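Note that these values count all heavy atoms, side chains included, but never hydrogens, waters or copies made by symmetry. All residue numbers in this chain count up from 1 along the given sequence. Both ligands and their constituent atoms are indexed starting at 1 by order of listing. Since the model is a prediction, treat every value here as computed from it, not as a measurement.
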Amino acid sequence: MKIRTAVIPVAGKGTRFLPATKEIPKEMIPILTKPMIHYAVEEAVLSGIEQIVFVTSSGKTAIEDYFDRNLELESFLEKNNKEDMAKEIKRIGSMIEITTVRQKEQLGLGHAINCARDLIKDEAFAVILGDDLVRGNNPVTKQLMEISAKNNNSSVIGVMEVPIEETNKYGIIDGVPVNGSDKTYMMTRMVEKPDPKNAPTNLATPGRYILKQEIFKYLNEIPRGVGGEYQLTDAINAMAAESDVYAHIFEGNRFDTGSIRGYLNATVEFAMMDENLKGMMLEICREKVKKYE
Ligand code: UTP
């Protein structure tokens, strides 16, 4: 079954990026010349997604505007012989159909996804966290869609291996390899931020999911969990107890751009990967090492 819709929750407060996020949505903070959210939406488009549902909150309209046409800017650029940039601005505004739904209170990721339920109808859908960027040759959402299609259109959680001492920063899954695979697992349970000595595996869930519509039944039933929030992890756990949920180690480099370290890392890496910026970035880094080391 084709996955047509991706839900991208962007209603969080982005407190780690204050004071910038007092007035700018975290997702609009740029990495080089593109806002963070651009990379997430591009991943969805490259994966064949046809519709994005943004779960938003007040102060986030800049995200919708970014993916809308700006005819005045396009014609200004054309008049000033900047046709290539005019084309790029038009492309961004026409990239994909966008729908938004409000999360009126920030009651957690599970609650945010549940806000999209009326827009999903009877279909499975993708979830992409806009502050977790993954770079690679094959878009990670597409990789998970392929695993879902191979396994009876089941739910699939994207996972990555992390150092065991870092399990307390992530949701960690437990599971059984599928047909001897070292990449795909049948999930048995998921534990939120376990202490390394209690972690069942080192397979962490950084924010990519294919979820069957039945997840909404569990999202409706779960009580508030860790931090008093409705946790997506709790709903997935309940679903895994009653039906098949897979976990798949995806290919690609993941950047936690919701944290300052991950943001800096992505900025340097993306510049290094750009032929026009690589030399400049290397020169700057060498100068800084000499000056500050
Ligand atoms: P985070 O906890 O990483 O994001 O949630 P945050 O709250 O924006 O940032 P900090 O921790 O205060 O710096 C992960 C994702 O889930 C969304 C966020 O927007 C982010 O993309 N989210 C989280 C919601 O949409 N609603 C919520 O109630 C919670």
| field | Atom pair CD (Q143) and CD1 (I210), whose distance is rounded to the nearest 0.5 Å | value | 11.0 Å

| Euclidean distance, S155 OG relative to Q213 CD, rounded to 0.5 Å | 10.5 Å

Can you pull out the closest protein heavy atom to [atom]? Residue, atom name and distance to 0.1 Å, please.
| atom | value |
| --- | --- |
| atom 12 (O) of ligand 1 | T15 OG1, 2.6 Å |
| atom 2 (O) of ligand 1 | R16 NH2, 4.5 Å |
| atom 20 (C) of ligand 1 | D131 OD2, 3.7 Å |
| atom 26 (N) of ligand 1 | Q103 OE1, 2.7 Å |
| atom 7 (O) of ligand 1 | K13 N, 3.6 Å |
| atom 25 (O) of ligand 1 | A11 N, 3.0 Å |

| remark: Correct closest heavy-atom pair for Y39 and I31 would be OH-O, 2.8 Å

| Is the closest basic N to carboxylate O distance between E42 and R91 below 4.0 Å? | yes

| field | Under-4.0 Å salt bridge between E293 and K288 | value | no

| task | Assess whether ring-ring contact (aromatic ring centres under 6.0 Å, His included) is satisfied between Y263 and F255, documenting all intermediate values. | result | CA-CA 7 Å; Y263 174 76; F255 301 88; over 10 Å; no

| message | I'd like to check whether K26 has a polar contact with ligand 1, where a contact means an N/O of the residue lying under 3.5 Å from an N/O of the ligand. | response | yes

Among [options], whose heavy atom sits nearest [atom]?
| atom | options | value |
| --- | --- | --- |
| atom 29 (C) of ligand 1 | G108, A112, G110 | G108 |
| atom 15 (C) of ligand 1 | T257, L129, L107, T21 | L129 |
| atom 21 (O) of ligand 1 | G130, P9, G12, G14 | P9 |

| query | Does H111 have a non-hydrogen atom less than 4.0 Å from ligand 1? | reply | no

| message | Taking the six-membered ring for Trp, are F125 and Y209 closer than 6.0 Å centroid to centroid? | response | no

| Sidechain-backbone polar pair: D274 side chain, N276 backbone, donor-acceptor under 3.5 Å | yes

| query | Any idea which atoms of ligand 1 are less than 4.0 Å away from a heavy-atom of E27? | reply | 19 (O)

| Those atoms of ligand 1 less than 4.0 Å from some heavy atom in L109 | 16 (O), 29 (C)

| query | Should we say atom CG of N80 is surrounded by more than 12 heavy atoms from elsewhere, each under 6.0 Å from it? | reply | yes

| field | Residue portion contacting ligand 1 (non-hydrogen atoms closer than 4.0 Å) for E229 | value | neither

